[in-house]
Asks: 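Please find one structure pasted underneath; my questions will follow.
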Amino acid sequence: RLRKWQSRLRVSDAAERNLAFALSELDRIASQLKLPRHVEEEAARLYREAVRKGLIRGRSIESVIAACVYAACRLLKVPRTLDEIADISRVDKKEIGRSFRFIARNLNLTPKKLFVKPTDYVNKFADELGLSEKVRRRAVKILDEAYEKGLTSGKSPAGLVAAALYIAGLLEDEKRTQREVAEVARVTEVTVRNRYKELVDKLNLKIPV
Amino acid sequence: MVDMSNVKLRIENIVASVDLFTQLNLERVIEICPNSKYNPEEFPGIICRFEEPKVALLIFSSGKLVVTGAKSVEDIERAVNKLIQMLKKIGAKFQRAPQIDIQNMVFSGDIGMEFNLDAVALSLPNCEYEPEQFPGVIYRVKEPRAVILLFSSGKIVCSGAKSEHDAWEAVRKLLRELEKYGLIEEEEEW
DNA sequence: GCTTTAAAAAGTAAATT
DNA sequence: AATTTACTTTTCAAAGC
């Protein structure tokens, strides 16, 4: 009986140590990404729920924490790319992506709840690029038209927003280079160029020379 | 009734496990396999490629095999018989016919209609869609067990089915769900 | 869990030219 | 900037770590 009691103590010890480690890792990521407090709290809530449902089994605490951070950002519409999180996490983005899809499935995080409007990405990237409200509105208009014409399905949202901002910048005389928009969106210049070409072609946009 | 007349499916790959019921000395097997690789440190089996029929075989010392890359069940049978003839030359004895189990079939196909995957992901239960990571919607069918990747072009990939019939059945279930949630007839109204 | 093998879909990426 | 090669996703068995 004493042994059982001791092993139970050890188990709860381990559980507490794991939780403490997880929360410190969450703190580290949240502060480096400058995440709002409510996002960090949501990530912590998701993590505790994942632990309660035994979703950590077979996965590293770090990948699950990173996944919870990404999920919290998506749920609360605070745009952060998976790349940004993977940059400061010890686990690669492939592993974080797996954990993210796994907890999303098991915590009932539906595509609807996780959907982040392109507008939110527009504001985030535009902030980093120092673009005006006028350019943002133009980019959103381009994205809306692209969606209506079926040009966005299966495409990287970040790539689409990057191209829309690039075009809007040209149209509103606040040009940013493809390299600059690609960098903030975490996609390559080739992707920006491909999306740019398709949007200009299919939406009949007249780019000033 | 779900209209399947415009749906196409094409076999792209078949994976089968095979039991030859004979222990094999892999060191001797390598010598008679032309394009083969054997590094016990990284993988316990011999990796052997046939050009005709075009398949890849994983040969294990237990006498069990994994045959991949086949486009038909007949290709697998031909490959297994070809390997058996080769093994007989190095003295392997075969008391009974090999047991071949189809484990996985992969199909590419077309539903014949374009899709707004955002709309599909919003209404279709139990599906995954993360365009930042992969351009298709991932849909899992429980019975028969299979997974279908649906792209905006209407092209699909069905994997995990154990027969062509099961693959068609899985696709039929996906179409039934798409229809149920009003995602089928939306041609213009995105 | 991982290792190896095959195959398609469509998007993105990286290395060459 | 065009080509080529390669990786993302899914499935599955084999024997062993």
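Just the heavy atoms: all of them, side chains too, but no hydrogens, waters or symmetry mates, feed the values below. Sequence lines set the chain letters: A, B, ... in the order given, protein chains first and strands last, and positions in each chain run from 1.
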Asks: Check this for me, if you would: do A/Glu25 and A/Arg28 make a salt bridge, where the nitrogen-to-carboxylate-oxygen distance has to be below 4.0 angstrom?
Replies: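 Salt bridge: yes.
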Asks: Taking CD1 from B/Ile11 and C1' from D/dT11, how many angstroms apart are they, rounded to a whole number?
Replies: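 That distance rounds to 15 Å.
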Asks: Please report, rounded to the nearest Å, how far the P atom of D/dC12 is from the CD atom of B/Glu12.
Replies: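 Between P of D/dC12 and CD of B/Glu12: 18 Å.
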Asks: Would you kindly give the CD-to-P distance between B/Glu42 and D/dG16, to the nearest whole Å?
Replies: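 Going from B/Glu42 (CD) to D/dG16 (P), I get 16 Å.
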Asks: Does D/dA2 have its OP1 or OP2 closer than 4.0 Å to a side-chain nitrogen or oxygen of A/Lys197?
Replies: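 It does, given that an N or O in the side chain of A/Lys197 lies less than 4.0 Å from OP1 or OP2 of D/dA2.
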Asks: Does B/Val106 belong to the same Ile/Leu/Val/Met/Phe/Trp/Tyr cluster as B/Leu9, with side-chain heavy atoms less than 4.5 Å apart forming each link?
Replies: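 No; B/Leu9 is not reachable from B/Val106 via cluster members.
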Asks: Find which nucleotide of DNA chain D each of B/Pro135 and B/Ala146 is nearest to by heavy atoms, and output the residue with the more 5' nucleotide.
Replies: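 Its nearest nucleotide lies further toward 5', so the answer is B/Pro135.
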Asks: Tell me whether A/Lys155 is salt-bridged to A/Glu198, with the criterion being a basic N under 4.0 Å from an acidic carboxylate O.
Replies: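 Salt bridge: yes.
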Asks: Partners of A/Lys124 by side chain to side chain contact (heavy atoms under 4.5 Å, CB included), sequence neighbours excluded?
Replies: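 A/Lys124 satisfies side chain to side chain contact (heavy atoms under 4.5 Å, CB included) with A/Pro79, A/Arg80, A/Glu84, A/Glu128 only.
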Asks: Using a strict heavy-atom distance below 4.0 Å, which residues from residues 117-128 of chain A are in contact with DNA chain C?
Replies: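 Result for residues 117-128 of chain A: none.
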Asks: Using distance alone, with no hydrogens and no angle criterion, decide if A/Ser99 and A/Ser63 have a side-chain donor and acceptor under 3.5 Å apart.
Replies: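 The answer is yes; a qualifying pair exists.
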Asks: Measure NZ/B/Lys155 against P/C/dA9 and give the value in whole Å, please.
Replies: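 It is 7 Å, rounded to the nearest whole Å.
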Asks: Of all of residues 52-77 of chain B, which get a heavy atom below 4.0 angstrom from DNA chain D, listed by number?
Replies: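 Within this stretch, B/Leu58, B/Phe60, B/Ser62, B/Lys64, B/Val66 sit under 4.0 Å of the strand.
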Asks: Would B/Arg49 and B/Glu51 pass as an ion pair if we require N to O under 4.0 Å?
Replies: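 Salt bridge flag = no for B/Glu51 with B/Arg49.
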Asks: Are B/Lys37 and C/dT5 close enough that a side-chain N or O sits under 4.0 Å from OP1 or OP2?
Replies: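 Checking B/Lys37 against C/dT5: at least one side-chain N or O falls below 4.0 Å of OP1 or OP2.
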Asks: Which heavy atom of A/Thr81 sits nearest to which heavy atom of A/Ala185, and what is that distance?
Replies: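 What the structure gives for the nearest pair is CG2-O, 4.3 Å.
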Asks: Closer to the 5' end of DNA chain D via nearest nucleotide, is it B/Phe43 or B/Asn13?
Replies: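 Taking each residue's closest nucleotide, the earlier one in sequence belongs to B/Asn13.
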Asks: Taking 4.0 Å as the cut-off, does a side-chain nitrogen or oxygen of B/Arg10 come that near to OP1 or OP2 on C/dA7?
Replies: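 For C/dA7, OP1/OP2 do not have a side-chain N/O of B/Arg10 under 4.0 Å.
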Asks: Could you measure the distance from the OG atom of B/Ser62 to the CG atom of B/Leu24? Nearest 0.5 Å is fine.
Replies: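 Spacing of OG (B/Ser62) from CG (B/Leu24) equals 7.5 Å.
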Asks: Can you tell me how far apart CD1 (B/Ile76) and CG (B/Leu57) are? Round to the nearest 0.5 Å.
Replies: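 So the gap between those two atoms works out to 9.5 Å.
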Asks: Does a donor on one side chain sit under 3.5 Å from an acceptor on the other, for A/Glu172 and A/Ser132?
Replies: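 Per modelled atom types, A/Glu172 and A/Ser132 side chains form no pair under 3.5 Å.
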Asks: Determine, for A/Arg37 against A/Glu40, whether the closest basic-nitrogen to carboxylate-oxygen distance falls under 4.0 angstrom.
Replies: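 A salt bridge is absent here (no side-chain N lies under 4.0 Å from a carboxylate O).
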Asks: Give the residues of residues 80-108 of chain A touching DNA chain D, defined as any heavy atom closer than 4.0 Å, sorted by residue number.
Replies: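 Correct list: A/Lys94, A/Arg101.
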Asks: Look at the side chain of B/Arg49 and decide which nucleotide, out of C/dA6, C/dT4, D/dT10, has an atom nearest to it.
Replies: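 Nucleotide nearest to B/Arg49's side chain: C/dA6.
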Asks: What is the distance, to the nearest angstrom, from the CZ atom on B/Phe115 to the P atom on C/dA10?
Replies: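 One finds 13 Å between P of C/dA10 and CZ of B/Phe115, rounded.
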Asks: Could you measure the distance from the CZ atom of A/Phe125 to the CG atom of A/Asp120? Nearest 0.5 Å is fine.
Replies: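 Between atom CZ of A/Phe125 and atom CG of A/Asp120 there are 11.0 Å.
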Asks: Can you tell me the distance, in whole Å, between the CG atom of B/Leu150 and the P atom of C/dA9?
Replies: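 Spelled out: CG on B/Leu150 to P on C/dA9 is 14 Å.
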Asks: Pick one: which of B/Tyr129, B/Phe134, B/Phe115 meets ring-ring contact (aromatic ring centres under 6.0 Å, His included) with B/Phe151?
Replies: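 By the ring-ring contact (aromatic ring centres under 6.0 Å, His included) criterion, B/Phe151 pairs with just one of B/Tyr129, B/Phe134, B/Phe115: B/Phe134.
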Asks: Are A/Asp144 and A/Lys117 close enough for a salt bridge, meaning some N to O gap below 4.0 Å?
Replies: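 No salt bridge links A/Asp144 with A/Lys117.
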Asks: To the nearest 0.5 Å, tell me how far B/Glu128 CD sits from A/Arg105 CZ.
Replies: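 The CD atom of B/Glu128 sits 4.5 Å away from the CZ atom of A/Arg105.
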Asks: Flag as yes if B/Phe134 stacks onto the base of D/dT9 (centroids under 5.5 Å, planes under 30°), otherwise no.
Replies: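 Yes, the aromatic ring of B/Phe134 stacks with the base.
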Asks: Taking only Lys NZ, Arg NE, NH1 and NH2, and the carboxylate oxygens of Asp or Glu, determine whether B/Arg78 and B/Glu52 approach each other closer than 4.0 Å.
Replies: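 Yes, B/Arg78 and B/Glu52 are salt-bridged.
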Asks: C1' atom, C/dA9 versus D/dA1: distance in rounded Å?
Replies: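 Comparing C1' positions in C/dA9 and D/dA1 gives a spacing of 26 Å.
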Asks: Only stems of 3 or more consecutive Watson-Crick or G-U pairs count here, both distances under 3.5 Å; name the ones for DNA chain C, or none.
Replies: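 Detected stem regions: C:1-5 with D:13-17, C:10-17 with D:1-8.
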Asks: Between D/dT8 atom P and B/Gln133 atom CD, what is the distance in whole Å?
Replies: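 The distance from CD of B/Gln133 to P of D/dT8 comes to 12 Å, rounded to the nearest Å.
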Asks: Nearest to the B/Lys162 side chain among D/dT11, D/dC12, D/dA15, which nucleotide is it?
Replies: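 From the listed options, D/dC12 comes nearest.
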Asks: Quantified in whole Å, what is the P atom distance between nucleotide C/dA14 and nucleotide D/dT9?
Replies: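 That atom pair is separated by 16 Å.
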Asks: Which nucleotide wins on minimum distance to the side chain of B/Ser17, given the candidates C/dT5, D/dA13, D/dT11?
Replies: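 Closest nucleotide to the B/Ser17 side chain: D/dA13.
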Asks: Of the candidate nucleotides D/dT10, D/dA15, C/dA9, which contains the atom at the shortest distance from the side chain of B/Pro44?
Replies: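 Of the candidates, D/dA15 comes closest.
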Asks: Are the charged groups of A/Arg74 and B/Glu130 less than 4.0 angstrom apart, N to O?
Replies: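 A salt bridge is present here (some side-chain N lies under 4.0 Å from a carboxylate O).
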Asks: In whole Å, what is the span from the CG atom of B/Leu149 to the C1' atom of C/dG11?
Replies: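 Distance, rounded to whole Å: 13 Å.
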Asks: Using the rule that two of Ile, Leu, Val, Met, Phe, Trp, Tyr join whenever any of their side-chain heavy atoms come within less than 4.5 Å, decide whether A/Val91 and A/Leu23 are in one cluster.
Replies: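 Shared cluster, yes.
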Asks: What string of B, S and - do you get for nucleotides 12-17 of chain C, 5' to 3', if B is base contact, S is sugar-phosphate-only contact and - is no contact with any protein heavy atom under 4.0 Å?
Replies: SSS---
Asks: Give B/Val15 one of three labels, base, sugar-phosphate or nothing, depending on what nucleic acid heavy atoms sit under 4.0 Å from its own.
Replies: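 Result for B/Val15 = base.
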